[in-house]
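Atom set for the values below is all heavy atoms of this structure, side chains included, hydrogens, waters and symmetry mates excluded. Chain A is the first sequence line, chain B the second, and so forth, proteins listed ahead of strands; every chain is numbered from 1.
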Amino acid sequence: MNSHAAYFALDLIGTFAFAISGAVAARQRRLDLFGILSIAFMVACGGGVLRDVCIGAIPPAGLSNWRYLAASMLASAVAIFAYAPVRRLRQPVLFFDAIGLGLFSVAGAQKALSFGHSAELAVLLGIVTAVGGGVMRDVVLSRLPAILDREIYATAALAGAGAQVLFSYAHWTQWWTPWVATLLCVALRLTSLRFGWRLPAFRGQRTSELPGDEQHDRGARNP
Amino acid sequence: MNSHAAYFALDLIGTFAFAISGAVAARQRRLDLFGILSIAFMVACGGGVLRDVCIGAIPPAGLSNWRYLAASMLASAVAIFAYAPVRRLRQPVLFFDAIGLGLFSVAGAQKALSFGHSAELAVLLGIVTAVGGGVMRDVVLSRLPAILDREIYATAALAGAGAQVLFSYAHWTQWWTPWVATLLCVALRLTSLRFGWRLPAFRGQRTSELPGDEQHDRGARNP
Amino acid sequence: MNSHAAYFALDLIGTFAFAISGAVAARQRRLDLFGILSIAFMVACGGGVLRDVCIGAIPPAGLSNWRYLAASMLASAVAIFAYAPVRRLRQPVLFFDAIGLGLFSVAGAQKALSFGHSAELAVLLGIVTAVGGGVMRDVVLSRLPAILDREIYATAALAGAGAQVLFSYAHWTQWWTPWVATLLCVALRLTSLRFGWRLPAFRGQRTSELPGDEQHDRGARNP
């Protein structure tokens with residue numbers, strides 16, 4: 001029960017941190033009140049909705065659980081009325097975002113397992129839960145999704161979801177094993193931020209082997 | 001029965017108005033025949049498909065009900081063969097689009113309720129039904145979704161869906177209550193267009209507090 | 001059984017070809033290891049996941065069948081370690097992409113029919129299966145989806161899915177009828193590539209009839 005209260009508190013913090021990241025991004029684009037709220041809500045609940053649709057958990061918790069909507073509203077209010085302080089909060093925002101990443105990846109994998117699905121699906125949907133909302137935010141705001149960049153972000157979600165699935169398949173399911181998986185993800189994310197770890201990228205020339213490549217390229221990289 | 005016939009007529013008009021908006025946007029991008037038809041169909045049925053997937057109404061009506069496809073084909077034909085007159089029709093197109101908005105938001109909320117879901121889900125999915133297709137159109141065409149801008153658009157859908165849910169929870173369900181909710185949404189949309197009402201936006205500076213923000217921004221606002 | 005082995009081989013080739021197209025596009029954008037793998041996987045399984053969600057085949061095969069993930073990993077490895085040869089392979093890549101298009105459109109339509117859905121849904125979801133992953137790739141990479149351009153691509157998928165549905169409704173279901181439908185799609189795609197066939201487009205001027213059109217247009221066409 002104590003553990004449940006702690007889980008609820010951290011889930012709320014994770015949801016709120018994700019919603020803040022959406023609300024701030026929306027405000028930077030000078031969206032209106034509704035736009036800020038929409039993007040905050042999308043970041044906080046988008047990944048979970050995708051997961052729930054894929055595992056058959058209808059209706060998706062993100063749409064039927066009022067906490068996600070309330071957290072988005074609160075985050076929008078903060079981004080509107082306390083924008084200046086939030087802008088100075090780079091480190092705290094990144095810290096809570098990392099906690100949200102850890103919690104969502106582990107909780108997403110666990111929910112897929114509890115619906116009786118396979119290890120592969122659980123790992124994939126754990127990642128989707130953690131990063132899906134952020135990808136939606138970037139797609140709607142027409143930015144290259146941040147997770148596709150070289151930071152250790154989705155990789156940390158993979159570590160958290162993978163650890164949770166491993167623990168579950170090893171029948172090593174104490175009350176604290178989800179916290180170990182969450183901690184692994186959060187630590188990996190924060191350490192990589194601290195030391196600037198990045199995944200390798202590869203030199204590629206702009207070519208046009210594939211259908212459509214030569215046309216309408218919106219010039220993300222060639223300004 | 002008379003009411004059903006009227007509902008069918010207005011639903012068709014709403015579908016067609018949405019499809020016209022998609023077909024015209026696609027033609028402005030100089031898409032081909034298939035592209036015009038695809039975008040018209042996406043605007044007309046996209047929001048409903050999202051709603052049906054989230055409430056478990058499988059298969060989605062937008063994909064299995066031939067009216068949506070037929071309305072999209074007709075709208076594409078109009079956008080191709082009668083483009084010049086349509087271009088002059090700014091007011092009528094906006095008028096029918098407002099009617100589609102009202103009908104889709106109320107019908108979407110009602111369908112979620114009739115599947116036994118909560119008030120929050122019904123309101124959220126009413127909005128999704130009404131604006132989802134337009135958001136898809138803008139994401140695929142790589143524009144900032146129009147609904148995220150400052151016009152009273154999604155807000156009007158919120159009013160329609162919210163009124164319908166309120167009426168339903170108050171057991172105030174006469175044959176004409178959906179029409180009151182629809183009218184509320186349409187009137188709010190048209191009045192805001194007439195008088196140029198807008199939601200407040202907030203001054204935001206481009207900063208980079210959040211992961212990925214500083215990279216790959218596709219420059220929607222800084223040409 | 002022989003036919004099943006052949007089907008598996010071709011399905012794998014189609015999946016792999018689609019994954020290669022995603023991995024190469026991601027590498028051209030200089031995405032990192034995870035980004036390349038994500039986009040490859042998205043192209044290979046994205047359309048099938050959309051189809052499975054719409055017909056109620058939960059969990060989606062693309063997420064629970066390890067072959068899609070394995071093919072994406074292999075394709076990513078090829079795009080990373082054998083990039084130079086792949087770049088020279090324009091014709092083979094387009095060839096295998098056409099085979100993937102044919103197989104996915106026919107298999108998608110057949111799966112929708114086998115779940116008891118209508119002919120219209122089967123044709124629509126056959127097209128979605130074949131082109132959905134590529135559209136996701138283009139949306140995430142912020143390009144105008146290649147299929148909306150004038151090439152005969154989605155039209156070929158329509159031909160394949162439509163033929164399969166016609167055969168099924170005519171009770172003309174020999175072991176080889178899916179192959180005829182697949183061949184029809186592949187032949188149409190390859191012939192159109194060979195002779196430069198294109199769908200008609202229509203002259204359109206950039207105007208602003210519809211809500212939001214005048215704002216925030218990200219300038220895909222007006223650099």
Heavy-atom check, side chain of K111(A) versus side chain of H117(A), under 4.5 Å: no
Pairs of heavy atoms under 4.5 Å with chain B: top-ranked of G35(A), A79(A), P60(A), A57(A): P60(A)
Contacting region of I55(B) [heavy-atom separation from chain A under 4.5 Å]: backbone
Interface moiety of D52(A) toward chain B, non-hydrogen atoms closer than 4.5 Å: neither
Side chains of T129(B) and S105(B) in contact at under 4.5 Å (non-hydrogen atoms): no
Beyond-backbone contact of T15(A) with F104(A), side-chain heavy atoms, under 4.5 angstrom: yes
Contacting moiety of L63(A), where chain B heavy atoms sit under 4.5 Å: both
Side chain to side chain donor-acceptor pair (under 3.5 Å) assessment of T155(B) paired with R189(B): CA-CA 8 Å; T155(B) 314; R189(B) 170 68 181 149; over 6 Å; no
Near-ring test Y153(B)/F34(A), centroid separation under 6.0 angstrom: no
Contact leader toward chain A among L158(B), L121(B), L125(B), where contacts are heavy-atom pairs under 4.5 Å: L121(B)
